[in-house]
Protein chains: 2
Amino acid sequence: MLDQTADLDRVFQALADPGRRVMMERLSQGPASVSELAQPLAMSLAAVLQHVQVLEASGLVRSQKSGRTRTCSINPAALRSAEQWISARRALWERRLDRLGEVLETSPPEDGTTGER
Amino acid sequence: MLDQTADLDRVFQALADPGRRVMMERLSQGPASVSELAQPLAMSLAAVLQHVQVLEASGLVRSQKSGRTRTCSINPAALRSAEQWISARRALWERRLDRLGEVLETSPPEDGTTGER
DNA sequence: GCAATACTCAAGTGCATGCTTGACCAAACG
DNA sequence: CGTTTGGTCAAGCATGCACTTGAGTATTGC
């Protein structure tokens, strides 16, 4: 089985940088070149390229060179995996809250043997 | 004004660490103390505490002390904000693909062999 | 050919992160 | 009481990250 853990590491790490999120926002409107991505960002082209490489290593972005320009585009599958991890945890938590609500109606707070599932 | 950007920074940064995600997975099953969170993690209690502080600063986790134990629990609102950011970008991208339709699928140099590294 | 464009590579710098150890405090327990 | 248990604070350290500059390569356009 795949080491999904390291993969999620890279995805969340990639999304943790505000500049990279700006790039993702730009890319969600459509493909763009490296220098287009650089435009709103007040940093050197070389720095932007490094960000692109981080995004690519995480799988969030794919790119290909044609001529002298590199065109980047979003890979929605990687976004989906991060989204699913989050929503699964949230769903678990909220389902638990539901159960807890029912228990509080009838039981005293102390329940020593919590038979999980 | 609310700087949602810095907030998302902290949330994604918090989720980028595998140990912290393990803690979130544990917490999604229900509240836990710091030492319970530490149990599967092969690091010192002090280190775990620092992780808890990161999670708390991001808003993903809340905690309160009663007696000598600190009990941590998930705050689903923060999870939801990250989830929404991701799904919004993915939705934009996918809507764009819809609008453009199959027309853009022109000039494939080769068939869909996306070269995985 | 020559110059501008678009990117790429390497090395270096400064600050943030993830961890450690050691001292310390306070609640629980015998 | 004293000891264990659960947590907290403060340095300190090693690594990683986000940049920079400077040089270099491949295309495009004149």
Side-chain angles (χ1 to χ4, degrees), chain A residues 5-24 26-27 30-73 109-110 112, chain B residues 3 5-24 26-27 30-73 107 109 115 117:
Chain A
T5 299
D7 232 357
L8 278 179
D9 269 25
R10 282 185 283 267
V11 170
F12 284 127
Q13 184 74 55
L15 292 178
D17 184 89
R20 286 194 291 260
R21 281 205 309 284
V22 167
M23 293 183 200
M24 288 297 287
R26 169 66 186 79
L27 286 175
S33 68
V34 175
S35 41
E36 277 170 341
L37 291 178
Q39 233 174 134
L41 279 185
M43 65 178 74
S44 73
L45 237 202
V48 172
L49 182 61
Q50 287 170 45
H51 284 302
V52 167
Q53 285 163 353
V54 169
L55 287 170
E56 239 182 318
S58 77
L60 285 166
V61 160
R62 297 209 175 132
S63 76
Q64 54 182 355
K65 239 185 142 164
S66 84
R68 64 183 165 174
T69 72
R70 171 173 301 277
T71 303
C72 307
S73 53
E110 180 62 35
Chain B
D3 194 357
T5 300
D7 230 358
L8 278 179
D9 269 25
R10 282 186 282 266
V11 170
F12 284 126
Q13 184 74 51
L15 292 178
D17 184 90
R20 286 193 292 259
R21 280 204 310 284
V22 166
M23 294 184 200
M24 288 296 287
R26 168 65 187 79
L27 288 175
S33 69
V34 175
S35 42
E36 277 171 340
L37 291 178
Q39 228 170 165
L41 278 184
M43 66 177 74
S44 73
L45 237 202
V48 172
L49 181 61
Q50 286 170 42
H51 283 302
V52 167
Q53 285 163 353
V54 168
L55 287 170
E56 238 181 318
S58 76
L60 285 166
V61 160
R62 299 213 174 123
S63 76
Q64 55 182 355
K65 241 187 139 162
S66 83
R68 64 180 166 176
T69 72
R70 172 172 300 276
T71 304
C72 307
S73 53
S107 74
R117 307 168 270 179

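Model, not experiment: these values are computed from the prediction. Numbered from 1 within each chain, the chains take letters A, B, ... in sequence-line order.
If you check residues 33-44 of chain A against DNA chain C, the residues with a heavy atom closer than 4.0 Å are A:Ser33, A:Val34, A:Ser35, listed by number. Of the residues in residues 57-64 of chain B, none lies under 4.0 Å from DNA chain D by heavy-atom distance.
Ranking C:dC7, C:dG18, C:dC9 by closeness to the A:Leu45 side chain, first place goes to C:dC7. Among C:dT8, C:dT20, C:dG18, the nucleotide with an atom closest to any side-chain atom of B:His51 is C:dG18.
No side-chain heavy atom of A:Gln13 sits less than 4.5 Å from a side-chain heavy atom of A:Ser58.
Annotation: the span from A:Leu15 atom CG to B:Leu15 atom CG amounts to 10.0 Å, rounded to 0.5 Å. To the nearest 0.5 Å, atom CE of residue A:Met23 and atom CG of residue A:Leu55 are 6.5 Å apart. The distance from the CG atom of A:Asp9 to the CZ atom of B:Arg21 is 4.5 Å, given to the nearest 0.5 Å. Residue A:Ser73 holds its OG atom at 8.0 Å from CZ of A:Arg62, rounded to the nearest 0.5 Å. B:Cys72 SG to B:Arg26 CZ: the interatomic distance, rounded to the nearest 0.5 Å, is 10.0 Å.
Nucleotides of DNA chain D that come within less than 4.0 Å of any heavy atom of chain A span, from the 5' end to the 3' end, D:dA18 to D:dT28.
Within the nucleic acid shown, B:Gln50 comes within 4.0 Å of at least one base atom, counting heavy atoms only.
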Nucleic acid footprint by protein, nucleotides 22-27 of chain C - heavy-atom cut-off 4.0 Å, B for base, S for sugar-phosphate alone: -----B
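Note on residues 10-20 of chain B: pairs passing salt bridge (Lys or Arg N to Asp or Glu O under 4.0 Å), not counting sequence neighbours, are B:Asp7-B:Arg10.
Put simply, CG on A:Asp9 is 15 Å from P on C:dT17, counting in whole angstrom units. For the pair A:Arg70 CZ and C:dT8 P, the computed distance is 4 Å after rounding to whole Å.
Across B:Glu56 and B:Val61, no two heavy atoms sit closer than the pair CG-O, 3.1 Å.
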Only pairs under 3.5 Å count here: list side-chain donor-acceptor contacts from residues 30-49 of chain A, not counting sequence neighbours, and write none if there are none.
residue, atom, partner, partner atom, Å
A:Ser33, OG, A:Ser35, OG, 3.4
A:Ser33, OG, A:Glu36, N, 3.2
A:Glu36, OE1, A:Ser33, N, 2.9
A:Ser44, OG, A:Ala47, N, 3.2

